[in-house]
Q: 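Structure below; questions to follow.
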Amino acid sequence: MTNEELHNQMVAAMKAKDKVRLSIIRQVMAEVKNVEVNERRDATEEDVNSMIKRLIKQTNETLEMSRKAGNNQERTDTLADQVEILESLLPAQLSGEALVALIEQTITEVGATTRKDMGKVMGALNKATGGNFDKAAAAKEVGSRLA
């Protein structure tokens, strides 16, 4: 997601009066603005996606703590909604048949033959997709092919 797309999402949330979505998008935009100010450069699409991923991780950790505490169901529901919204801002993850095809291609390109080469294959997959793939499914598939 680019900075401009994020801005358009914010405007749409304002028009729809969706306060939760608006709050999350503003939080992401603030993080992106920090990158732009601190590093004195325009934020790239990769920067925006990494900010979203970091916020998903932080919100998931808070959600888990809230579930363990079990004392405020409303807060837990709000956090779950926030994670859903953040995940919707990211591009769809590569999975299924498309992931299997990419794994096969990557294994042949890297020349992997044993399980020791699994790290090379996963690294190449990460580079090829920008980290936007189902890592657990990929690891399982690569492991079964390199057994």
Side-chain angles (χ1 to χ4, degrees), residues 1-107 109-110 112 117-146:
M1 172 160 292
T2 65
N3 208 359
E4 185 176 314
E5 290 171 339
L6 199 58
H7 181 72
N8 292 338
Q9 290 267 340
M10 184 181 73
V11 170
M14 284 178 175
K15 287 181 180 177
K17 296 184 182 356
D18 187 350
K19 292 181 181 180
V20 175
R21 187 172 188 83
L22 180 62
S23 166
I24 293 297
I25 292 172
R26 282 184 172 158
Q27 187 177 8
V28 173
M29 289 186 75
E31 292 288 329
V32 171
K33 191 71 170 170
N34 281 341
V35 167
E36 291 178 339
V37 169
N38 291 340
E39 297 181 15
R40 294 187 176 107
R41 63 177 176 86
D42 288 337
T44 63
E45 187 171 344
E46 187 177 303
D47 290 331
V48 174
N49 287 340
S50 69
M51 294 298 155
I52 294 171
K53 287 176 185 176
R54 188 169 66 220
L55 287 171
I56 288 173
K57 183 179 177 185
Q58 290 171 351
T59 308
N60 270 330
E61 289 172 357
T62 307
L63 177 61
E64 288 304 312
M65 294 296 193
S66 180
R67 285 185 177 148
K68 284 180 184 175
N71 56 3
N72 191 345
Q73 187 60 38
E74 185 178 329
R75 175 166 168 70
T76 304
D77 293 341
T78 302
L79 288 168
D81 290 343
Q82 288 175 354
V83 169
E84 261 183 52
I85 291 168
L86 285 166
E87 287 174 346
S88 74
L89 296 175
L90 287 174
Q93 284 196 336
L94 187 63
S95 61
E97 292 177 15
L99 180 61
V100 171
L102 184 63
I103 288 171
E104 289 174 1
Q105 177 185 347
T106 306
I107 287 174
E109 285 176 2
V110 172
D117 299 326
M118 190 167 173
K120 291 179 187 176
V121 174
M122 293 300 285
L125 282 172
N126 200 24
K127 187 178 271 188
T129 62
N132 198 25
F133 65 100
D134 186 356
K135 290 168 185 60
K140 185 177 179 182
E141 185 69 28
V142 170
S144 69
R145 292 185 185 277
L146 297 179

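The analysis underlying the following values was restricted to heavy atoms, covering all of them including side chains, and did not include hydrogens, waters or symmetry mates. Just so you know, these numbers come straight off a predicted model, no measurement behind them. FYI, the numbering just counts along the sequence from 1.
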Q: Do any N or O atoms from the side chain of Thr129 and from the backbone of Leu125 form a donor-acceptor pair under 3.5 angstrom?
A: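 It does hold such a pair.
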Q: Quick one: does any side-chain atom of Asn72 pair with a main-chain N or O of Arg75 as donor and acceptor, under 3.5 Å?
A: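 Checked: pair present.
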Q: Would you compute the distance between atom CD of Glu84 and atom CD1 of Ile56 and round it to the nearest 0.5 angstrom?
A: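 The CD1 atom of Ile56 is 11.0 Å from CD of Glu84, to the nearest 0.5 Å.
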Q: How many angstroms lie between CG in Leu86 and CG in Leu55, if you round to the nearest 0.5 Å?
A: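 Between Leu86 CG and Leu55 CG, I get 6.0 Å after rounding to 0.5 Å.
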Q: In Å, rounded to the nearest 0.5 Å, how long is the span from CD1 of Ile103 to CD1 of Ile107?
A: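 Separation between the atoms: 6.5 Å.
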Q: Between the main-chain N or O of Lys19 and the side-chain N or O of Ser23, is there a donor-acceptor pair closer than 3.5 Å?
A: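 Looks like no, no N/O pair under 3.5 Å.
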Q: Around Lys53, counting heavy atoms of other residues, nucleotides and ligands shown, do more than 12 lie under 6.0 Å from its NZ?
A: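 Yes - once you tally the heavy atoms of other residues, nucleotides and ligands closer than 6.0 Å, there are more than 12.
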Q: Spell out, as yes or no, whether a donor-acceptor pair under 3.5 Å connects the side chain of Asp47 to the backbone of Thr44.
A: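 Judged by distance alone, yes, a pair lies under 3.5 Å.
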Q: Could I get the full list of side-chain hydrogen bond (donor to acceptor under 3.5 Å, both in side chains) partners for Gln58, not counting sequence neighbours?
A: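 Gln58: no side-chain hydrogen bond (donor to acceptor under 3.5 Å, both in side chains) contacts found.
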Q: Measure across Val83 and Leu63 and return the closest heavy-atom pair with its distance rounded to 0.1 Å.
A: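 That would be CG2-CD2, 4.4 Å.
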Q: With a sphere of 6.0 Å drawn around CE of Met14, does it hold more than 12 non-hydrogen atoms of other residues, nucleotides or ligands?
A: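 Yes, because the 6.0 Å sphere around CE of Met14 holds more than 12 heavy atoms from other groups.
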Q: Just verifying a value: how many Å separate Glu87 CD and Leu89 CG, rounded to the nearest 0.5 Å?
A: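 With rounding to 0.5 Å, CD (Glu87) is 10.0 Å from CG (Leu89).
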Q: Would you name the heavy atoms of Met118 and Gly143 that are closest together and state the gap between them?
A: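 So the minimum-distance heavy-atom pair works out to CE-N, 4.1 Å.
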Q: Considering residues at least two apart in sequence or located in another chain, which fulfil the salt bridge (Lys or Arg N to Asp or Glu O under 4.0 Å) criterion with Arg40?
A: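 Applying salt bridge (Lys or Arg N to Asp or Glu O under 4.0 Å) to Arg40 gives none.
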Q: Quick one: are Phe133 and Leu102 in side-chain contact, heavy atoms under 4.5 Å?
A: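 They are not in side-chain contact.
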Q: Within this structure, what is the CD1-CE distance for the pair Ile25 and Met10, rounded to the nearest 0.5 Å?
A: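 Output value for this atom pair is 8.0 Å.
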Q: Taking all non-hydrogen atoms of both residues into account, name the closest pair between Met122 and Ala139 and its distance.
A: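 It is CE-N, 4.0 Å.
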Q: Run the salt-bridge test on Glu141 and Arg145 with the 4.0 Å N-O cut-off and return the result as yes or no.
A: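 Yes, charged N to carboxylate O under 4.0 Å.
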Q: So which atom in Val110 and which in Ala124 form the shortest heavy-atom distance, rounded to 0.1 Å?
A: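 In terms of heavy atoms, the two residues are closest at CG2-CB, 4.0 Å.
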Q: Please report the C-alpha distance between Gln73 and Asp77 in whole Å, then the side-chain angles of each, then the deciding distance to 0.1 Å, and finally whether the side-chain hydrogen bond (donor to acceptor under 3.5 Å, both in side chains) criterion is met.
A: CA-CA 6 Å; Gln73 187 60 38; Asp77 293 341; 2.9 Å; yes
Q: Under 3.5 Å, side-chain donor or acceptor atoms of residues 28-38 against the rest of the protein: list the pairs with distances, not counting sequence neighbours.
A:
unit_1	atom_1	unit_2	atom_2	d
Glu31	OE1	Arg54	NH2	2.9
Glu36	OE2	Asn3	ND2	3.1
Glu36	OE2	Ala43	N	3.3
Asn38	ND2	Asn34	O	3.3

Q: Show the nearest heavy-atom pair for residues Ala137 and Leu99, with the distance to one decimal.
A: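 The pair with the smallest heavy-atom distance is CB-CD2, 4.4 Å.
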Q: Starting at CD1 of Ile24, measure out to CD of Gln9 and round the result to the nearest 0.5 Å.
A: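 So the gap between those two atoms works out to 12.5 Å.
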Q: Okay, side chain of Glu5, backbone of Thr2: is any donor-acceptor separation there less than 3.5 Å?
A: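 Yes, the answer is positive, given that a donor and an acceptor are paired below the 3.5 Å cut-off.
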Q: Take atom NZ of Lys135 as the centre, draw a 6.0 Å sphere, and report whether it contains more than 12 heavy atoms from other residues, nucleotides or ligands.
A: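 Enclosed.
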Q: Distance-only, no hydrogens or angles: does the Ser88 side chain make a donor-acceptor pair with backbone N or O of Ile85 under 3.5 Å?
A: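 Checking the backbone N and O of Ile85 against the side chain of Ser88, a donor-acceptor pair under 3.5 Å is found.
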